[in-house]
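Each remark here refers to the structure printed beneath this line.
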Amino acid sequence: MDSLYKRLASAVEQAIHQAETVLPPDVEEALHTAYDKETNVIARGEYENIFANLRVAKEKDVPICQDTGIFVIYLTLPETVPLTTKLYDAVFEGIRLATKSVPLRPNAVDPVSRKNSRDNTGAGIPAIHIIPGDKLLVTVLPKGAGSENMSQIKMLLPSDVGKIPGFVTSVVKDAGSRPCPPVIVGVGIGGTFDSAASFAKEALLSPINVMTPFEKEICGKINELGIGAMGLGGDTTCLAVKIKQGACHTASLPVAVNIQCWCSRRGIIEVEV
Amino acid sequence: MIRLTTPLGEEVLALHAGDRVLLSGIIYTARDEAHKKIMEDGFPFDPKGAVIYHCGPVVDEAQGKIVAAGPTTSARMNNLTKPMLDAGVRALIGKGGMSAAVREELRGRAVYFAFTGGCAALAASCMDLVDCHYPELGMAEAVWEIRLTDLPVVVGIDAHCGDLFSR
C-alpha cells in the first residue's frame with residue numbers, strides 16, 4: 001500500500017479508537033446537564049453509572065459500550081487525492097486494524113445466513129460517503145444496533161408539514177426503553193427515500209449543544225413522554241434533536257428519524273496528504 | 001443497597017421493583033442465538049438458581065479477559081425466556097425491560113435486573129472470565145461464564161409483577 005493509503009488506514013483506525021473510548025465533549029456535557037436537572041432517583045442512579053463508565057473507559061482505554069457498532073464513514077477529499085478503489089481499500093484496512101487493536105466486537109454478518117465476517121467489514125459496509133473538501137478528513141460514526149433498530153422513515157404528504165413533530169415524537173415513543181435513552185434524535189427532512197435516511201444520520205454529526213427553535217420544540221415534546229434514562233422513568237428522554245434537510249419532489253415529503261443512544265460516538269482525524 | 005450472591009434462591013421473592021442491588025457470583029451471558037441453542041442442545045450449566053445476562057461482550061480471547069460487557073436489549077428475548085425460567089433460572093439481567101408475558105412468567109419465581117445500557121467498561125471492571133460455552137456461536141452470541149463482583153443493578157421487574165418499565 002502506498003504511504004498515503006497507509007496513513008489513511010491508520011487514520012481510520014485512530015478515529016475509531018478515539019470514537020469508541022472517549023465521548024465527544026458536547027455529549028458528555030449534555031448528559032451532565034440532564035443529570036443536574038433530573039428529579040427521578042432511579043434515573044439519577046443510571047446517570048451515575050454512565051459517568052462511572054465513561055471514567056473507566058477513558059482510564060483503561062477500552063470501549064465505552066460493548067456494541068462497538070458498525071461504521072458509517074465520511075471522507076472529505078481534496079482535489080489532489082483521486083477517488084479510486086485504493087481509497088476504499090484503505091478504509092476497509094483501517095477497520096480491520098481497529099477490530100484487533102481497540103479491540104472491537106465483530107458485528108458484521110451476512111443478512112440471511114448470519115455468517116460473521118469477523119472483521120467488521122462486508123458487502124456494502126462500511127457505508128462510505130465522499131464529500132469534496134480542502135483537506136483529507138476522516139469522520140467515523142459507529143452505530144450500535146439497539147438504537148439503529150428503532151429508526152423509522154415515512155413518506156408524508158406534502159400537506160403534512162405540521163405533522164413532522166408528531167411523527168418524530170411517535171418514533172421515540174414506540175422505541176420506549178429499547179434504544180438506551182436519553183437519546184439524540186437525527187431527523188432527515190426532504191430529499192428522496194434514500195437520501196432522507198442519510199440526512200438523518202448526518203444530522204447526528206453536528207454538535208448537540210446548539211438547537212434551532214424547531215429542533216427545541218420537538219425535543220420538548222419528546223421530553224414530555226417521561227420515558228427517562230434507560231426507560232426507568234425521568235425528566236429527560238431526549239438530549240437533543242438535530243435536523244438536516246434537503247429539497248424534495250413537489251409531490252413528496254420524506255421524513256427519516258434515526259435514533260442515537262446516549263453513547264453518541266464520533267471520531268474525526270485529518271490525514272496528511 | 002442489597003447484596004446478593006449467585007446461585008440465587010427464594011431471596012429473590014423479597015425484592016421489589018426499584019430496589020438497588022449489588023450482584024456477585026457466577027452469571028452466564030445469552031442472547032438470541034444462545035437461547036435457541038440451549039433449547040435445542042440443552043444447558044451448558046446448571047440452570048437451578050442461575051442468572052442469565054443478556055449481553056454479547058467484547059472479549060480479549062488471547063488474554064482471557066472481558067474487555068466490555070454492557071447489556072443488550074432484552075425485549076429480543078421475550079419469546080425465548082419461558083424455557084429458561086421453567087428450568088429454574090432465578091434472575092435475568094438486561095436493559096430496556098421485557099414484555100407483559102415475561103412479567104407474568106417471572107411471577108412467584110424470578111426477577112429481572114436492569115443494568116445501565118452502554119455501561120460496558122464499568123460492567124467489565126466488575127468481571128472475571130471463567131469459561132466459554134458454545135464458542136461456535138461467535139463472540140457476541142456465545143455463552144460466557146463470568147464471575148461478578150458487585151455489579152450495581154436495579155430490580156426492573158420483581159416476582160410480584162412490579163415493573164418499572166410499564167407505565
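The structure displayed is predicted, hence computed values, not measured ones. To find a chain, count down the sequence lines: A is the first, B the second, and so on, and within it residues start at 1.
Ranked by non-hydrogen atom pairs under 4.5 Å with chain A, the options B:S74, B:A123, B:A140 are led by B:A140. The candidate with the highest count of non-hydrogen atom pairs below 4.5 Å against chain A, out of B:A17, B:G70, B:G96, is B:G70. Taking A:L104, A:V56, A:N116, A:N149 one by one and counting their heavy-atom pairs under 4.5 Å with chain B, the maximum is reached by A:V56. For the set A:P181, A:A229, A:P63, A:G146, the count of heavy-atom pairs under 4.5 angstrom toward chain B peaks at A:P63. Contact tally against chain A (heavy-atom pairs below 4.5 Å) for B:A75, B:G138, B:P71, B:G156: the top residue is B:P71. For the set B:E141, B:E33, B:R31, the count of heavy-atom pairs under 4.5 angstrom toward chain A peaks at B:R31. With chain B as partner, the option from A:T68, A:L54, A:I64 having the largest number of non-hydrogen pairs under 4.5 angstrom is A:I64.
The closest donor-acceptor contact from the side chain of B:K95 to the backbone of A:R178 lies under 3.5 Å. Between the side chain of A:R105 and the backbone N or O of B:G56, at least one donor-acceptor pair lies under 3.5 Å. Under a 3.5 Å cut-off, the side chain of A:D67 and the backbone N or O of B:G118 do not form any donor-acceptor pair. At distances below 3.5 Å, not a single donor-acceptor pair connects side-chain atoms of A:Q66 with backbone N or O atoms of B:V58.
Heavy atoms of other residues, nucleotides or ligands lying less than 6.0 angstrom from CD of B:E136 number more than 12. For A:R44, the CZ atom is densely surrounded, since the number of other residues' heavy atoms within 6.0 Å is greater than 12. Residue A:I70 qualifies as open at atom CD1: its count of foreign heavy atoms under 6.0 Å is 12 or below. The environment of CZ in B:R147 is sparse: at most 12 heavy-atom neighbours from other residues, nucleotides or ligands sit within 6.0 Å. For A:D174, the CG atom counts as densely surrounded, since its 6.0 Å shell holds more than 12 non-hydrogen atoms of other residues, nucleotides or ligands.
Across every non-hydrogen atom of A:G231 and B:F165, the tightest pair is O-CD2, 3.5 Å. When all heavy atoms are compared, the tightest approach of A:A52 to B:L122 is CB-CD1, 4.1 Å. Across A:I42 and B:G18, no two heavy atoms sit closer than the pair CD1-CA, 3.9 Å. B:G97 and A:S177 make their closest contact through N-OG, 4.4 Å (heavy atoms, listed as atom of the first residue, atom of the second, distance).
Here the straight-line distance linking atom CZ of A:R114 with atom CG of B:D32 works out to 9.0 Å at 0.5 Å rounding. Note: A:W262 CH2 to B:C119 SG = 4.5 Å, rounded to the nearest 0.5 Å. Taken to the nearest 0.5 Å, the CG atom of A:N49 stands 3.5 Å off from the OG1 atom of B:T116.
Both the backbone and the side chain of B:P152 come within less than 4.5 Å of a heavy atom of chain A. Interface residue B:V67: backbone and side-chain heavy atoms are both found under 4.5 Å from chain A. Both the backbone and the side chain of B:S125 come within less than 4.5 Å of a heavy atom in chain A. Heavy atoms closer than 4.5 Å to chain A are found in the backbone of B:A69, but not in its side chain. Interface remark: A:E59 contributes no atoms to any contact with chain B (heavy atom separation under 4.5 Å).
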Side chain to side chain contact (heavy atoms under 4.5 Å, CB included) evaluation trace for A:E46 with B:V154: CA-CA 9 Å; A:E46 296 301 294; B:V154 175; 3.8 Å; yes
